[in-house]
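Below is one structure, written out as C-alpha cells; comments come after it.
Values below: all heavy atoms of this structure, side chains included; hydrogens, waters and symmetry mates excluded. Lettering follows sequence order; numbering is per chain, from 1.
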Amino acid sequence: MKFDLVVIGAGPAGISAAIKARKNGAHVLIVDENPVAGGKLLGQLYEVPDKGWWIGQRIAEKLVDQATSIGVQFLQETEAWGIFPGWKVVLENSETIDTSYVLIATGAAEKALPIPGWTKPGVIAIGAAQVLTNYHRVKPGKRVAIIGVDPLSLSIAQELQLAGVEVVGIYLPPINPFSQEKADPHYLLTNLAKMSHLAPNQLLKTAGKMLHNPFVKKLAAKWYPANGLKIGNIPLYLRKRVMEIGGETEVDHIRVAPINRNGGTVLDDSIPVEVDCVCLSGGLYPLSELAGSVGCKMVTIKELGGTIPLYSPEMETTQSGLFVAGNITGIEGAKVAMAQGNLAATAISSRLGLLENPSSALEQAISEVEKERKNAILTFMPQVEEGREKVTTMWKTT
Amino acid sequence: MRIADHPILGKQRKREVTITFNGTSYTALEGESIAAALLANNIRTLRYSEIAKSPRALYCGIGHCFECRVTVDGVRSKRACITTVKDGMFISSQGVDSP
Amino acid sequence: MNDMIICRCEDVTLGELISHIENGSQTVKSLKLQTRAGMGICQGRTCRVLVEQVMTYYADESNIISSSVGTNFPIRPIRLAELAQNGKGDP
Ligand SMILES: Cc1cc2nc3c(=O)[nH]c(=O)nc-3n(C[C@H](O)[C@H](O)[C@H](O)COP(=O)(O)OP(=O)(O)OC[C@H]3O[C@@H](n4cnc5c(N)ncnc54)[C@H](O)[C@@H]3O)c2cc1C
Ligand code: FES
Ligand code: FES
C-alpha cells in the first residue's frame, strides 16, 4: 500500500500536519519512535498570562484523539532510519513504506553541556527533568541544582518547584570550550531580557522586568548580587559557577566557585553544595540528521539553533516532495510548530490536488505561522526572526 | 520520589504492576517508563559503561542518548527512558555479569 | 578537566581527544576514527557538536578541514550489531 504522506515524528508539528492533510482527504501515516505520541509536548507545563495553564500532555492527547478519529494511522515505537528517493521511508526493522510525500518533523534535541563529573548517575539533561516531573510524575531528585541559564531552564526550575522539588539554585557552567556564551553573565543578562517579554511564568517575568531596566542591565554583570536574586523561591546565581559534579558512584554534591567583580572565578573560595540531582541546560538544536542523509541542502543558521535543511516558503526542502516542519527548521515553541505543520500539510494537499483554492489556503497558513511567532510566549532564540529571514534569502538564491 | 498530588495536574490513578530489575522485584505504575519506575524506587544506576566501567543512568530522558540502555526480557539495549513497563518485565543492567 | 568524558557512548575523554589533535589529527573525521568518539550507539547525537568544539578549540584553526554535515544512511548502523548480540548475554 502506498501512502500520500508519511510524517516522521509525532510532535505538535507532525500531528497537526497529519490532521490537516487527512482532513483534506490524504492517506497519512505517522511514524514515531516513542511509545506515546506527542513529542516534546508531553512534558510541557506553564502558565500562559490570562489564559491559564498550558498542559502539554492534555494538548497532545486531544491532538492524537482528533487524528485517530479521522483516520490518521500511527506507528509508535518505530524509528525511521532513512529516506530514499521515490519516496521510501525505511524503518528500524528494515521495513519500507512507499509514499508520495514525506514530512520530516523530528523536532529538537538538547545540546550537551559537559562538566567534570557529568556522567554520574543523577546528572540529567534539563529536558529529562521536565518529562520525569510533569509526565511521569516522579521527582528527578530531592535537592536539585540547575546549571545553564536560559528560558527553558528558568521555566523548568519553576515546574520542579511546583511539584515539590527543592531547587537549590540556578548556576553558570565553568568556562571551557563547550560552555561558550553560557558561561558569560553579561551575554545571559542581555539575552534573557530579549527572550522573556511575554514570559510564561512569574520566574521569567521577574527576570525579564529586572533586565528591561537599562540601568540594571548595564550594571548587572558587575553588581549582580553575589548571593543571587531570588526569583520565585529559586536563587538565580549569575556570579557562581559549578566547577565540578561530585559523588562516589552517584551525585552527592556540586563544587561551586564565586565569580568576583572583575569576572574572574575564585577557585580558592569554592565550596561543596549537597544535591542528589543536577540538571544541565545547554540549549536546543534542530534534529536534522535524517534530512541531511537524504541529500537535502543543509545550512547552519546560528539564530535558529544550528544546522537545518534549507526550506521554501511552503516548507519544502531542496528535495522535491520532501517537506519539513517544527523544530527541525529552528527552535521555537509548540504553537509555531503546529502552524508550520499546518502549512506544510496545506502545501502537500495542494500538490495532491486536494484543494479547491490552494493559493488562498497557503496564504492563510503562512500568515498563521507568522502570527504564532509574534504571539509566542516563550522565545528560545533571541534572533529567530532574523534567522527566518536568512532562510528566505538563501532559498531565493538557490 | 513520586509526586502523588500535583497542584496543577492533580492526583494520578494508575494500576500497579511488578517489574524485576537485576533480580529484585519493584512496584511500577502502568504506562510509565522503566527509568521513571526505577527512579520512583530510588534506583538511578542502570548500567556500567563498557570501557571505563563507570555507572550510568538516565541522561536525556527522550530516547536520544542511549545512556539508559538495559536488557529487557532478553533484548539488549532497550532505552529505559522510552520503554514502557509491563507486568512481569525482566530487566537487567548491561556492563555487569548477569545476576 | 582532561579526564572529563566527552563521548559518553565510547568513554572517550577530553584528554584523549586533545592528544590525538596534538599528534596530528586534522579533521573531525580522523579524530572520530582514531578515538571512536561519535561512533557509539547514539551515533554522535550527544557528542558530535562537542567533538567539533574540541577540534576548533585545540587545533590550529588553519589546519582544520571541515567535514560534511550529512549523516550517512543508516542513521544507526550500530544498532544492527547490537541486535546481532541479542540473546548472547553480556560480554
Ligand atoms: C527538552 C525540551 C523542552 C522543551 N520545552 C518546551 C516548552 O516548555 N515550551 C515550548 O513551547 N517548547 C518547548 N520545547 C520546544 C519544542 O521542541 C517545541 O515546543 C515543539 O515540541 C516542537 O515540535 P516538533 O513537532 O517540531 O518536535 P517534537 O515535539 O520534538 O517531536 C518530534 C518527534 O519526532 C520523534 N523522532 C525524531 N526522530 C525520529 C525518527 N528518526 N524516527 C521516528 N521518530 C523520530 C521524536 O522522538 C519526537 O517524538 C522544548 C524542547 C525540548 C527539546
Ligand atoms: S536517557 Fe537518553 S536515551 Fe534514555
Ligand atoms: S556520545 Fe559519542 S557517540 Fe554517543
*Closest heavy-atom contact between C:Arg45 and B:Gly63?*
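Closest approach of C:Arg45 to B:Gly63: NH1-O, 4.2 Å.
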
*Let me see the working for C:Ile41 and B:Arg79 under side chain to side chain contact (heavy atoms under 4.5 Å, CB included), right down to the final yes or no.*
CA-CA 11 Å; C:Ile41 189 169; B:Arg79 288 166 282 181; over 6 Å; no

*State whether the side chain of B:Arg56 and the backbone N or O of C:Arg8 hold a donor-acceptor pair below 3.5 Å, judged by distance alone.*
yes

*Atom pair SG (C:Cys9) and CD (B:Glu67), whose distance is rounded to the nearest 0.5 Å*: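 CD of B:Glu67 is found 6.0 Å from SG of C:Cys9.
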
*Test B:Ile51 against every option in C:Ile5, C:Asp11, C:Val12 by the side chain to side chain contact (heavy atoms under 4.5 Å, CB included) rule and name the one that passes.*
C:Asp11

_Chi angles and distances behind the side chain to side chain contact (heavy atoms under 4.5 Å, CB included) call for C:Thr46, B:Phe66_ = CA-CA 9 Å; C:Thr46 311; B:Phe66 284 78; over 6 Å; no

